[in-house]
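Keep in mind that the numbers below use all heavy atoms, side chains included, and drop hydrogens, waters and symmetry copies. Position 1 is the first residue of the sequence; numbering continues from there.
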Amino acid sequence: MACVMDSNQNHLLKGKFRSKAWAQVLEEAKHLVDSGVVELNLIAEDTNQYGQDRRDGKGLAELLRELGKLEALRWIRILYAYPSYFTEELVDEIANNPKVCKYIDMPLQHISNLTLLAMNRPPQSHTLKLLRTLRDRIPGLALRTTFISGFPGESEADHRELVDFCREFRFQRMGCFMYSPEDGTPAAELPDQLAEDVKEARRDELISLQQEVGEAWAKTLQGQELDVLVDGYTEDGEIFGRTQWDAPDIDPVVFLSPPEDPSLPPLEVGQMRRCRVTGNSIFDLEATPVA
């Protein structure tokens, strides 16, 4: 994953945000669903800005509503949604549309106000208010975020504030990356660049904390019945799937055992199966079909 920190993002990304045409998105989605796809992942440079450049009233909330009308579609997943553009209507649509996964990928980057200011990100007060709103109004929500350790000028106090925030808020999914200077970005020219070993130690502390948080959350799911999309096989031949809280390729998986009930059909890739969680292996779940 790469993230460019630049106060003039449009310059590096060669132009303003442009939304894919409404009809084109719907046509592509319909084609995919007609071909057997049951999950659509929506992703952009800033997904929840979709439609704001057109001013025709067709934004992400309206898109989710329209995609939800595709009968054979089961899941719609929102990836890479920055905290700046969450409308009341969008929050309501995520909460109330049964096909929208109760999962939001929101790259926050940091929580210290001084570091956020240097990154040209929204202030902490905005982010905290939004996070509380999302958890209060969307039952069963899993939040995924990413943070950057060692941004130029990040003090030990800034880092401790981020660690304490992660320990208190307990994101269900979280990744952390070391800051790496990119040629041509203002951040690469900032003073107080941190040593590699400091950046690495701070990243490792956050990752270690998230391992504890993620494993604890996985344990709370034991005994629950969840819908699982059967995804494929591991190199060792184990069949696995994902819950609505697991984006493909970046999140944990569910290792599946054959149905205990001989009357149930065998597991096949592409199925959506109701499964009971029987255990966990760190973040990953273990489950068996019950329907």
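Side chains of Asp236 and Thr234: no donor on one and acceptor on the other come within 3.5 Å.
Looking at Phe86 and Leu134, their side chains come closer than 4.5 Å, going by heavy atoms from C-beta outward. A 4.5 Å side-chain heavy-atom check between Glu154 and Tyr179 finds every atom pair outside the cut-off. Ile111 has its side chain within reach of Leu128: a pair of non-hydrogen atoms, C-beta onward, lies under 4.5 Å apart.
Residues passing the side-chain hydrogen bond (donor to acceptor under 3.5 Å, both in side chains) test with Ser112 are Asp158, sequence neighbours excluded. Remark: Phe165 pairs with Phe169, Phe171 by the ring-ring contact (aromatic ring centres under 6.0 Å, His included) rule, at least two apart or across chains. Checked against side chain to side chain contact (heavy atoms under 4.5 Å, CB included), Leu117 has no partners two or more places apart in sequence or in another chain. In this structure Arg242 satisfies the side-chain hydrogen bond (donor to acceptor under 3.5 Å, both in side chains) test together with Glu39, Asp231, sequence neighbours excluded. The ring-ring contact (aromatic ring centres under 6.0 Å, His included) test applied to Trp245 returns Trp217, not counting sequence neighbours.
Of the possible polar contacts, one joining the Thr87 side chain to the Leu90 backbone as a donor-acceptor pair under 3.5 Å is found. A side-chain donor-acceptor contact under 3.5 Å links Thr145 to the backbone of Met106. Judged purely by atom type and a 3.5 angstrom limit, Gln271 uses its side chain to pair as donor or acceptor with the backbone of Glu268. Asp53 places a side-chain N or O within 3.5 Å of a backbone atom of Ser19 that can act as its donor or acceptor partner. Side chain of Asp284 to main chain of Pro252: no donor-acceptor pair is present (N/O by atom type, distance under 3.5 Å, no hydrogens or angles). Asn97 contributes a side-chain N or O that, together with a main-chain N or O of Leu64, makes up a donor-acceptor pair within less than 3.5 Å. A donor-acceptor pair is defined here as one N or O able to donate and one able to accept, closer than 3.5 Å; no such pair exists between the side chain of Arg77 and the backbone of Ile43.
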Show me, pair by pair, the donor-acceptor contacts under 3.5 angstrom made by side chains of residues 29-36, not counting sequence neighbours?
residue: Lys30; atom: NZ; partner: Asp34; partner atom: OD2; Å: 2.8
residue: Ser35; atom: OG; partner: His31; partner atom: O; Å: 3.4
residue: Ser35; atom: OG; partner: Leu32; partner atom: O; Å: 2.6

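Cluster annotation: Leu79 is not connected to Val91 through the hydrophobic network of ILVMFWY side chains, with a link wherever side-chain heavy atoms come within less than 4.5 Å.
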